[in-house]
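Quick note: numbers below take in every heavy atom, side chains included, and nothing from hydrogens, waters or symmetry partners.
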Amino acid sequence: VDRIAGTGVRLVDTRKTTPGWRPLEKYAVRMGGGYNHRFGLYDGVLIKENHIEAAGGITEAVTRIRTVSHHLLNIEVEVTNLEQVKEAIENKVDTIMLDNMASDKITEAVSLINGRALVEVSGGVNLDNILELAKTGADIISVGALTHSARAVDISMLIT
């Protein structure tokens, strides 16, 4: 959070949490200045690469989801290249997740999206590159390591 302060970008966690610890880990992210992505699958639709492949493309995946979802449910699509960005824009999704893209491609994608959807950056984010990624114009950076890779602290109580 400190590394991207002043950029206007939100740092968010993911659903990748320790089994049984999700409420606590997500609370810790908020207390550290970050934000929560989805708490569960019910919080929004995230169409990932396997969904796109199984449906036969972004357009078909989004079309199918819209036929069974209520009007308040946000739809996010994970993309890996600029052609998929264009298809996501054409389908008027709410959020476009740029997965494992280089910062120059992210900047290009942000320009293509031009405010028509929220832009989330994910994959390969670390302390060394997060500021560079934040400067691309993205709205959100998601980092699974906020919860699934947090170091455990040895806390014990001895009664004598």
Backbone N/O of Gly40 and side chain of Asp43: donor-acceptor pair under 3.5 Å: yes
Glu83: partners by side-chain contact (heavy atoms from CB on, under 4.5 Å), with sequence neighbours left out: Asn81, Lys86
Salt bridge (charged side-chain N to carboxylate O under 4.0 Å, His left out) partners of residues 113-130, not counting sequence neighbours, each pair once: none
Within-4.5 Å side-chain heavy-atom neighbours: Val9 and Asp139: no
In one Ile/Leu/Val/Met/Phe/Trp/Tyr side-chain cluster, 4.5 Å: Ile113, Val79: yes
More than 12 heavy atoms of other groups within 6.0 Å of His70 NE2: yes
Listed partners of Tyr35 passing side-chain contact (heavy atoms from CB on, under 4.5 Å), at least two apart: Arg10, Val12
Gap between atom CD of Glu25 and atom NZ of Lys16 - 0.5 Å precision: 13.5 Å
Set of residues satisfying side-chain hydrogen bond (donor to acceptor under 3.5 Å, both in side chains) with respect to Arg30, sequence neighbours excluded: Asn36
Side chain to side chain contact (heavy atoms under 4.5 Å, CB included) assessment of Ile65 paired with Ile75: CA-CA 8 Å; Ile65 285 298; Ile75 299 174; 3.7 Å; yes
Remaining members of hydrophobic cluster (4.5 Å side-chain criterion), Met31: Tyr27
From Leu82 atom CG to Leu98 atom CG, the distance as rounded to the nearest 0.5 Å: 8.5 Å
Thr7/Leu131 under side chain to side chain contact (heavy atoms under 4.5 Å, CB included): CA gap, chis, key distance, verdict: CA-CA 8 Å; Thr7 64; Leu131 182 58; 4.0 Å; yes
Heavy-atom pair of closest approach, residues Val125 and Ser142: CG2-O, 4.1 Å
Gap between atom CD1 of Ile58 and atom CD1 of Ile47 - 0.5 Å precision: 8.0 Å
side-chain contact (heavy atoms from CB on, under 4.5 Å) involving Thr59 - partner list, sequence neighbours excluded: Thr63, Glu87, Asn91
Side chain to side chain, Ile96 and Leu118, heavy atoms closer than 4.5 Å: no
Main-chain N/O of Val143 paired with Asp13 side-chain donor or acceptor, under 3.5 Å: no
Qualifying salt bridge (charged side-chain N to carboxylate O under 4.0 Å, His left out) pairs, either residue in residues 70-80, two or more places apart: Lys48-Glu78
Shared hydrophobic cluster, Ile89 / Val110 (ILVMFWY, side-chain heavy atoms < 4.5 Å): yes
Heavy-atom pair with the smallest gap, counting every atom of Val121 and Ala138: CG2-CB, 3.5 Å
side-chain hydrogen bond (donor to acceptor under 3.5 Å, both in side chains) contacts touching residues 94-107 (sequence neighbours left out): Ser103-Glu132
Check: Val85 and Met101 side chains under 4.5 Å, non-hydrogen atoms: yes
Val119 reachable from Ile141 in the ILVMFWY side-chain graph, under 4.5 Å edges: yes
Qualifying salt bridge (charged side-chain N to carboxylate O under 4.0 Å, His left out) pairs with a residue from residues 55-71, counting only residues at least two apart or across chains: Glu60-Arg64
Path from Leu24 to Val29 over hydrophobic side-chain contacts below 4.5 Å: no
Enclosure of Leu72 CG (heavy-atom neighbours >12, cutoff 6.0 Å): yes
Full working for side chain to side chain contact (heavy atoms under 4.5 Å, CB included) between Arg3 and Leu133: CA-CA 11 Å; Arg3 294 271 172 113; Leu133 295 172; over 6 Å; no
Transitive ILVMFWY side-chain link Ile4 to Ile140, under 4.5 Å: no
Working for side chain to side chain contact (heavy atoms under 4.5 Å, CB included), residues Val93 and Val62: CA-CA 8 Å; Val93 300; Val62 172; 3.8 Å; yes
Reported CD1-to-CG distance for the pair Ile130 and Leu11, which is rounded to 0.5 angstrom: 5.0 Å
Counterpart residues, side-chain contact (heavy atoms from CB on, under 4.5 Å), relative to Leu41 (two or more places apart): Arg15, Arg38
Qualifying residues under side-chain hydrogen bond (donor to acceptor under 3.5 Å, both in side chains), relative to Thr80, sequence neighbours excluded: Gln84
Whichever hydrophobic residues join Tyr42 through chains of side-chain contacts under 4.5 Å: Phe39
